[in-house]
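None of the values given here were measured: they were computed from a predicted structure. Hydrogens, waters and symmetry mates are skipped; everything else that's a heavy atom, side chains included, is used.
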Amino acid sequence: MIGPALVAAAMLAGTPAASEPAGLHSALSRLEREGRFSGAVVVRGRHGIQFARGYGMADPFAGRRFTTDTPVDSASLAKPVTAAAVLLLARDRKLDLDSPVRRYLPEYPHAATTVRHLLSHSAGLDGDEAEQAIVGKTNAQLLAQFRGREPAFAPGSAFAYCLFCYTTLALLVERVSGQHYLSFARDRLALPAGVTIRAARLAEWSGRAIGYRLAAGGTAQRFDSWEGEHFYGSGNLSISAAQLAQWGARWWSPDLASVREAATSPALIAGNPSGLTLGNWYCAPDRRRCHYLGHHEGFHHMLYWDRQRQISVAVVTNNGLSPGLQQRLQRALVAFAEKRATDARKELARPLADLPVRPSRYALAGGGERVTVHGDAGIVYVTRRGIDYRAVRIGAGIRYVPGLDVYLAGTRSGALRWLSLYEDRVGRPLD
């Protein structure tokens, strides 16, 4: 049997290890040569590391290459860490999810909001998330901006993807536990010791990946983390692909078993099951497979874990991964990790077409489930199972739906392409 240390040594030497998923390295190398992928991928299994390689440039301006230990801006991949911290405190009876937030944070502005509402992105904290509105502010300062303002909707009645909910939850974790957020996550949630909160000044964040995108002619342009970000809980962890995969493996181990049931249970919005769980994961219907994403400027990452197969897959990128490739690459990586190389190659061979979505009611193939796409050219919503989710345009036509992890695109025939990690469906228009 080849041990994890020998596997890692072979990979560092550039030699394929016997346990590597067949075809994965060649597929990623091809994407790197084509200028479509720069980052790192790590796959862990029950016996340790199965694959660990970096591709392209972590810093294209200095010529520094990506490795599996290169720190990246976690973006929203901090949210499942924060949610797990809250759920662990609830398990320990240090807090009650259905108690008002004010019980733990008296300065919280809305009396009717519960901890569960914050976890579920249903608190109605509708604030400006633009760069000029959030840089230079701490978690407490971000919360203070809601004083004297009513929530955007009755807490618990609607879904609105919420950065400020999770910066507030990080404050709550510190107030209830008496520990700094990061210390609690390391001590109680098995977050790897090397994970930190990123430096507010980018010049002090050494060895990190720099976000970029390629302009016409192949010139790299900076598309990077924002200078002066002080908040945490909703983002701003400094973490590597190796550390992400290690933390993903904790979700099938005894370390986090005590909070896994709650973390993988669907959140409820006005009594309807949300596309996100209470632990801020997107999970397959069987709840044994879950994942989450981080996306910020040029950075796009995924952490996936399967507690039955005991697989953890982490991918981090810094090159403004194209919208048509994002979900296809993620699906391909899971297929490679499951030894389904043929399926993986098919995923990479058919990027999502960048065609606009037509507002309509659609019947999704494979069961006839109805979804509705509604709105105008600027603001579009998707209604699924009684909940509205805002669909954000990320390409000329492709839209991404936070809360569902679905990529939407039109087709030349007028149908809807509905692509998530667990679904690849076509919607027939009903209007």
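Minimum heavy-atom separation, Val86 to Leu95: O-CD1, 4.1 Å. The two residues Pro155 and Ala112 have their closest heavy-atom pair at CB-O, 4.3 Å. Shown here for Ala391 and Leu408, the closest heavy-atom pair between the two residues is CB-CD1, 4.4 Å. The minimum heavy-atom distance between Pro429 and Ala415, with the atom names listed, is CD-CA, 4.1 Å.
A ring-centre distance under 6.0 Å is found for Tyr422 and His291.
Ion pairing between a basic and an acidic side chain is recognised when a charged N comes within 4.0 Å of a carboxylate O; Asp98 and Arg103 show no such pairing. Of the charged side-chain nitrogens involved, none lies within less than 4.0 Å of a carboxylate oxygen, so that Glu107 and Arg102 do not count as a salt-bridged pair. Look at Arg208 and Asp59 and you find no salt bridge, because none of the NZ, NE, NH1 or NH2 atoms lies under 4.0 Å from a carboxylate O. Ion pairing of Asp224 with Arg222 is present here, as a side-chain N (NZ or NE/NH1/NH2) and a carboxylate O approach within less than 4.0 Å.
Between Phe61 and Tyr212, the two ring planes are perpendicular [angle over 60°; tilted spans 30° to 60°].
Evaluation of the side-chain hydrogen bond (donor to acceptor under 3.5 Å, both in side chains) test over residues 146-157, restricted to residues two or more places apart or in two chains, returns none.
In summary, of the residues considered (Asn272, Val401, Leu404, Thr372), a side chain to side chain contact (heavy atoms under 4.5 Å, CB included) with Arg384 occurs for Leu404 alone.
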Test log, rule side-chain hydrogen bond (donor to acceptor under 3.5 Å, both in side chains), inputs Lys79 and Ser76: CA-CA 6 Å; Lys79 290 185 175 72; Ser76 289; 2.8 Å; yes
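Here the OG-OH distance, from Ser234 to Tyr166, works out to 10.0 Å after rounding to the nearest 0.5 Å.
Residues passing the side chain to side chain contact (heavy atoms under 4.5 Å, CB included) test with Glu32, sequence neighbours excluded: Tyr55, Arg65.
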